[in-house]
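Chain identifiers are assigned alphabetically (A, B, ...) following the order of the sequence lines, protein sequences preceding nucleic acid strands; residue numbering begins at 1 within each chain. Values in this document were obtained by computation on a predicted structure and should not be read as measured data.
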Number of protein chains: 2
Amino acid sequence: MNDNVFRAMADPTRRKILDLLKAGPLTAGEIAQKFDSAQPTISRHLSVLKNAQLVADERKGPYIVYRLNTTVVQNWLAWLINNFGGDIRVQQ
Amino acid sequence: MNDNVFRAMADPTRRKILDLLKAGPLTAGEIAQKFDSAQPTISRHLSVLKNAQLVADERKGPYIVYRLNTTVVQNWLAWLINNFGGDIRVQQ
DNA sequence: CTATTATATAGCTATTTAGCTAAATATCAA
DNA sequence: TTGATATTTAGCTAAATAGCTATATAATAG
């Protein structure tokens with residue numbers, strides 16, 4: 001549910017991963033290179049993001065390409081704005 | 001920092017507390033009554049929210065009244081929209 | 001099939017966190 | 001001051017989480 005999104009978002013490394021993916025899809029290896037953590041650590045962060053459906057993955061030969069699931073991100077933001085946004089209104 | 005807000009928001013009980021406070025300030029006891037958890041458990045949730053500055057507290061005699069800190073909530077939302085909102089734009 | 005590369009999973013440890021009960025603190029009435 | 005009420009803090013346990021290394025799986029080249 002939404003809860004997975006909140007928990008996924010609670011970690012700064014995962015938010016950084018999402019930030020990287022804003023510029024376009026990246027392979028798991030490319031993502032891991034941007035961090036100091038070990039590759040399996042980043043792999044697990046990716047699986048948390050995937051579980052929250054904030055990212056989608058697709059195998060491309062030996063690589064697994066991750067992309068931002070903008071729909072889920074935007075739905076989450078819309079939910080937040082509706083629930084905590086007060087008088088914030090979004091331009092269509 | 002922002003990180004405290006994300007972590008505070010990651011718990012469903014705390015989001016529910018914020019939701020209750022949208023309707024107006026409540027005492028710690030009034031908040032605790034709305035939940036099945038023990039009162040000290042809710043007290044600690046309140047302290048997490050306070051630490052993230054999502055709520056403010058003020059003693060009123062024997063009571064401690066909590067209110068939503070709408071400024072911090074809105075700033076957090078604005079940050080989220082700027083960082084993950086894609087084309088979402090907020091009306092001023 | 002074998003070796004290599006890319007990635008995930010298993011299994012462990014240390015840290016964090018949520019929950020509880022019991023005890024401490026603060027306010028106030030008498 | 002004493003007692004009652006409101007709330008927090010301390011101290012504990014159980015569960016979740018992030019990190020690591022080692023191992024397994026998947027794809028592909030030779």
Side-chain angles (χ1 to χ4, degrees), chain A residues 1-21 23-69 72 76, chain B residues 1-21 23-69 72 76:
Chain A
M1 313 290 203
N2 233 345
D3 217 61
N4 288 333
V5 177
F6 275 102
R7 287 207 315 272
M9 279 289 189
D11 183 275
T13 298
R14 290 194 286 265
R15 292 197 299 274
K16 182 82 187 302
I17 291 174
L18 295 178
D19 199 60
L20 290 170
L21 291 176
L26 293 169
T27 69
E30 288 168 332
I31 294 166
Q33 280 181 355
K34 311 270 191 179
F35 295 89
D36 293 332
S37 306
Q39 173 266 324
T41 298
I42 300 300
S43 178
R44 211 158 42 84
H45 280 307
L46 286 170
S47 105
V48 171
L49 289 169
K50 188 177 149 187
N51 199 49
Q53 294 183 278
L54 286 163
V55 303
D57 64 342
E58 186 190 0
R59 183 171 279 276
K60 283 272 175 64
Y63 303 99
I64 297 184
V65 178
Y66 283 86
R67 66 169 179 81
L68 195 59
N69 191 340
V72 171
W76 181 64
Chain B
M1 310 289 201
N2 234 344
D3 218 62
N4 287 333
V5 177
F6 275 102
R7 287 207 313 272
M9 280 288 188
D11 183 275
T13 299
R14 289 194 288 264
R15 292 198 298 275
K16 182 84 187 304
I17 291 174
L18 295 178
D19 200 59
L20 291 172
L21 291 177
L26 292 170
T27 69
E30 287 169 333
I31 295 167
Q33 280 182 354
K34 311 272 190 176
F35 296 89
D36 292 332
S37 307
Q39 174 268 324
T41 298
I42 300 300
S43 178
R44 211 159 44 83
H45 280 307
L46 287 170
S47 106
V48 171
L49 290 169
K50 188 177 150 189
N51 199 47
Q53 295 183 278
L54 285 163
V55 302
D57 64 342
E58 185 190 0
R59 183 172 279 275
K60 283 271 173 64
Y63 302 100
I64 297 184
V65 178
Y66 283 85
R67 64 170 182 79
L68 195 58
N69 191 340
V72 171
W76 181 64

Which sits closer to the 5' end of DNA chain D, B:E30 or A:R7, going by the nucleotide each is nearest to?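 Nearest-nucleotide comparison on DNA chain D picks B:E30.
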
Nearest 0.5 Å, what's the [atom1]-[atom2] distance between [X] and [Y]?
X: B:I17; Y: B:L26; atom1: CD1; atom2: CG; answer: 10.0 Å
X: B:K16; Y: B:L21; atom1: NZ; atom2: CG; answer: 11.5 Å
X: A:D19; Y: A:K34; atom1: CG; atom2: NZ; answer: 11.0 Å
X: A:W76; Y: A:L54; atom1: CH2; atom2: CG; answer: 8.0 Å

Tell me whether the OP1 or OP2 atom of C:dA8 has a side-chain N or O from A:S47 closer than 4.0 Å.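 Indeed not, no polar side-chain atom of A:S47 lies that close.
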
Establish, with yes or no, whether the OP1 or OP2 oxygen of C:dT17 is under 4.0 angstrom from a side-chain nitrogen or oxygen of B:H45.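 Checking B:H45 against C:dT17: no side-chain N or O falls below 4.0 Å of OP1 or OP2.
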
Are any non-hydrogen side-chain atoms of [X] and [Y] less than 4.5 angstrom apart?
X: A:R14; Y: A:M9; value: no
X: B:Q53; Y: B:N4; value: no
X: A:N51; Y: A:R7; value: no
X: B:I42; Y: B:T13; value: yes

Write down the distance between [atom1] ([X]) and [atom2] ([N]), rounded to a whole number of angstrom.
X: B:L49; N: C:dA18; atom1: CG; atom2: P; result: 10 Å
X: B:I17; N: D:dT7; atom1: CD1; atom2: P; result: 13 Å
X: B:L46; N: C:dT17; atom1: CG; atom2: P; result: 17 Å
X: A:Y66; N: C:dT7; atom1: OH; atom2: P; result: 9 Å
X: B:F6; N: C:dT17; atom1: CZ; atom2: P; result: 16 Å
X: B:I64; N: D:dT7; atom1: CD1; atom2: P; result: 7 Å
X: B:D57; N: C:dA26; atom1: CG; atom2: P; result: 14 Å
X: A:D11; N: D:dA16; atom1: CG; atom2: C1'; result: 13 Å

Using the C1' atoms of five pairs at each end, what's the angle between the two axes of the helix from C:dC1-D:dG30 to C:dA30-D:dT1, to 10 degrees?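 Inter-axis angle at the termini of the helix from C:dC1-D:dG30 to C:dA30-D:dT1: 10°.
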
A:T13 side chain: which of D:dG19, C:dG19, D:dA18 is closest?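 So the side chain of A:T13 is nearest to D:dG19.
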
Out of D:dT7, C:dT7, D:dA18, which nucleotide sits closest to the side chain of B:A28?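 Looking only at heavy atoms from C-beta outward on B:A28, the closest nucleotide is D:dT7.
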
If you look at every strand shown and take non-hydrogen atoms under 4.0 Å, does B:F35 touch a base, only sugar-phosphate, or nothing?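 Counting heavy atoms under 4.0 Å across all strands, no contact is made by B:F35.
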
Could you write nucleotides 20-30 of chain D as a row of B, S and -, 5' to 3', where a protein heavy atom under 4.0 Å of any base atom gives B, of only sugar-phosphate atoms gives S, and otherwise -? BBB---SSS--

Partners meeting side-chain contact (heavy atoms from CB on, under 4.5 Å) with A:Y63 (sequence neighbours left out):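 A:Y63 satisfies side-chain contact (heavy atoms from CB on, under 4.5 Å) with A:T27 once adjacent residues are dropped.
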
